[in-house]
Amino acid sequence: MKTVQDYLKSGAIDIAPLLSLVLEKSGAELISNNHYQLSLDEKSRLESFILKRQKGMPFAYLSGNRGFYHLDFKVTPDTLIPRPETELLIDIALELPYSNQDLKVLDLGTGSGIIAITLADKNPHWQVSATDYSAQALEVAKSNATTQIEFLQGSWFEPVADQTFDLIISNPPYIEENDSYLDDLSFEPISALTAGKDGLDDIRIIINQAPNHLENNGFLLLEHGHNQQARIVELLTENFTHIQTFKDYNSKDRAVLAQVKN
């Protein structure tokens, strides 16, 4: 039977974290028990994981979870894997004027719920709602919720047709439909990634409809692709003011914040 040490020497992709996942042991425990012989069931499960990683399946889908901001989230192939860039939206939202007040917040296209749940956890006095077109994604989001959040199924603003908010926030699909980058994301839900030929189809919908769902002086906060900021600012100018742009931690254009015109 193969030992932990045998597998660690194999050089397989992510072998140490895969061993930790299968054996439920930390990295330090693996090293201190490197002569442990895997059972047949453990060997079978590990080698299945190795094969899936070799085929490109993200580790987060194998482990079933991914950390985001200060929380840990369940993820499935029905949802995007949380990315560090999106943490920028949380930072921006927490620095908004009047953030210490009882704001009403809407997260559009919530996926696994990372934005809505993180904001609600950081600000329990906020009233947070979240929408998603995918019923499967909403089930994941609900299972992740740590506080009371209103989860609603439907496309963008449809489930909140008669409601208004102080802050609307979204990490919508924004990749161009023929972008070669999609080859590296083949295991993630395509509907949560692409938005037309220029990647802006869903962002246009959100920008056009958001003024009808924002309170006076309400804010719209969007994540976007690194080459889309100028076009998004142009789209915002008709109905929004005080437009601010932000770079992510890799110094790439990543987010826009704007205040609706009264």
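- In terms of heavy atoms, D107 sits closest to S170 at OD1-CA, 4.4 Å.
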Applying side chain to side chain contact (heavy atoms under 4.5 Å, CB included), run through V256 and Q229 and close with a yes or a no. CA-CA 7 Å; V256 171; Q229 197 166 83; 3.9 Å; yes
Check step by step if side chain to side chain contact (heavy atoms under 4.5 Å, CB included) holds for L221 and L96. CA-CA 11 Å; L221 175 57; L96 285 175; 5.9 Å; no
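- For the pair E223 (side chain) and L89 (backbone), a donor-acceptor distance under 3.5 Å is absent.
- Heavy atoms of other residues, nucleotides or ligands lying less than 6.0 angstrom from OH of Y133 number 12 at most.
- A search for salt bridge (charged side-chain N to carboxylate O under 4.0 Å, His left out) contacts involving D202 returns nothing, not counting sequence neighbours.
- A distance-only check finds a donor-acceptor pair linking the side chain of D6 to the backbone of T3 [under 3.5 Å].
- Put simply, the side chain of T131 gets close to the backbone of W156: a donor and an acceptor are under 3.5 Å apart.
- R231 and E234 are not joined by a salt bridge, as no carboxylate oxygen comes within less than 4.0 angstrom of a charged side-chain nitrogen.
- Judged by distance alone, with hydrogens and angles left aside, the side-chain atoms of N262 form a donor-acceptor pair with the main-chain N or O of N217 at under 3.5 Å.
- How far CD of Q54 is from CD of E47: 10.0 Å, rounded to the nearest 0.5 Å.
- Within the 4.5 Å cutoff, side-chain heavy atoms of L38 are placed close to those of L19.
- No donor-acceptor distance shorter than 3.5 angstrom exists from the side chain of S44 to the backbone of D41, with no hydrogens or angles considered.
- For F157, the ring-ring contact (aromatic ring centres under 6.0 Å, His included) criterion is met by H213, not counting sequence neighbours.
- No continuous path of ILVMFWY side-chain contacts below 4.5 Å connects V160 to F151, so the two sit in separate hydrophobic clusters.
- Nearest heavy-atom pair, P58 versus F187, reported as atom, atom and distance to 0.1 Å: CD-CB, 3.6 Å.
- Judged by distance alone, the side chain of N144 and the main-chain N or O of S112 form a donor-acceptor pair under 3.5 Å.
- Within 6.0 Å of the CD atom in Q127, the count of heavy atoms belonging to other residues, nucleotides or ligands does not exceed 12.
- Two residues are said to be in side-chain contact when any heavy atoms from C-beta on lie closer than 4.5 Å; T237 and I243 meet this criterion.
- Between E42 and K25 no salt bridge is recorded (no basic side-chain N to carboxylate O distance below 4.0 Å).
- Residues S191 and P173 approach most closely at O-CG, 3.4 Å, considering heavy atoms.
- Grouping the Ile, Leu, Val, Met, Phe, Trp and Tyr side chains by contacts below 4.5 angstrom, directly or via other members, places I114 apart from I206.
- Residues D132 and G109 approach most closely at OD2-C, 3.3 Å, considering heavy atoms.
- Between D14 and K52 there is no salt bridge, since no side-chain nitrogen of the basic residue lies less than 4.0 Å from a carboxylate oxygen of the acidic one.
- Taking CG of L220 as the start and CG of L257 as the end, the distance is 8.0 Å to the nearest 0.5 Å.
- Taking CD1 of I203 as the reference point, atom CG of L108 lies at 11.5 Å (rounded to 0.5 Å).
- At distances below 3.5 Å, not a single donor-acceptor pair connects side-chain atoms of T79 with backbone N or O atoms of V75.
- Side chain of D166 to main chain of K104: a donor-acceptor pair is present (N/O by atom type, distance under 3.5 Å, no hydrogens or angles).
- Under the 4.5 Å side-chain heavy-atom criterion for grouping Ile, Leu, Val, Met, Phe, Trp and Tyr, L152 is not connected to I115 through any hydrophobic cluster.
- The line from CD of Q37 to NZ of K43 is 12.0 Å long, rounded to the nearest 0.5 Å.
- To the nearest 0.5 Å, atoms CD1 (I190) and CG (L80) are separated by 10.0 Å.
- Every residue was checked against the ring-ring contact (aromatic ring centres under 6.0 Å, His included) condition with H224, not counting sequence neighbours, and none meets it.
- For D121, the side chain to side chain donor-acceptor pair (under 3.5 Å) partners at least two apart in sequence or on another chain are H70, T146.
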Could you go step by step and tell me if Y61 and E188 meet the side chain to side chain contact (heavy atoms under 4.5 Å, CB included) rule? CA-CA 9 Å; Y61 287 153; E188 300 190 56; 3.3 Å; yes
Determine, step by step, whether K252 and E85 satisfy the side chain to side chain contact (heavy atoms under 4.5 Å, CB included) criterion, reporting the C-alpha distance in whole Å, the side-chain angles of both residues, the deciding distance to 0.1 Å, and the verdict. CA-CA 10 Å; K252 292 184 178 180; E85 293 86 350; over 6 Å; no
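- Partners of D248 by side chain to side chain donor-acceptor pair (under 3.5 Å), not counting sequence neighbours, listed by chain and number: R254.
- Nearest heavy-atom pair, S63 versus L21, reported as atom, atom and distance to 0.1 Å: CA-CD2, 3.8 Å.
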Under the salt bridge (charged side-chain N to carboxylate O under 4.0 Å, His left out) rule, what do D198 and R204 come out as? Steps first, then yes or no, please. CA-CA 11 Å; D198 64 357; R204 288 190 186 93; 2.4 Å; yes
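- Side-chain atoms of W126 come within 3.5 Å of backbone atoms of Q101 as a donor-acceptor pair (strictly under, hydrogens ignored).
- Here the CD-CG distance, from E238 to N208, works out to 8.0 Å after rounding to the nearest 0.5 Å.
- Linking Ile, Leu, Val, Met, Phe, Trp and Tyr residues whenever their side-chain heavy atoms come within less than 4.5 Å leaves I168 and V105 in two separate clusters.
- The shortest heavy-atom contact between A120 and T147 is CB-OG1, 3.2 Å.
- Sorted pairs that involve residues 228-262 and meet ring-ring contact (aromatic ring centres under 6.0 Å, His included), not counting sequence neighbours, are lacking altogether.
- Hydrophobic clustering (ILVMFWY, side-chain heavy atoms < 4.5 Å, transitive): L222 and L235 are in one cluster.
- A 4.5 Å side-chain heavy-atom check between I117 and I149 finds at least one atom pair inside the cut-off.
- Between the side chains of T194 and E177, no donor-acceptor pair of N or O atoms lies under 3.5 Å.
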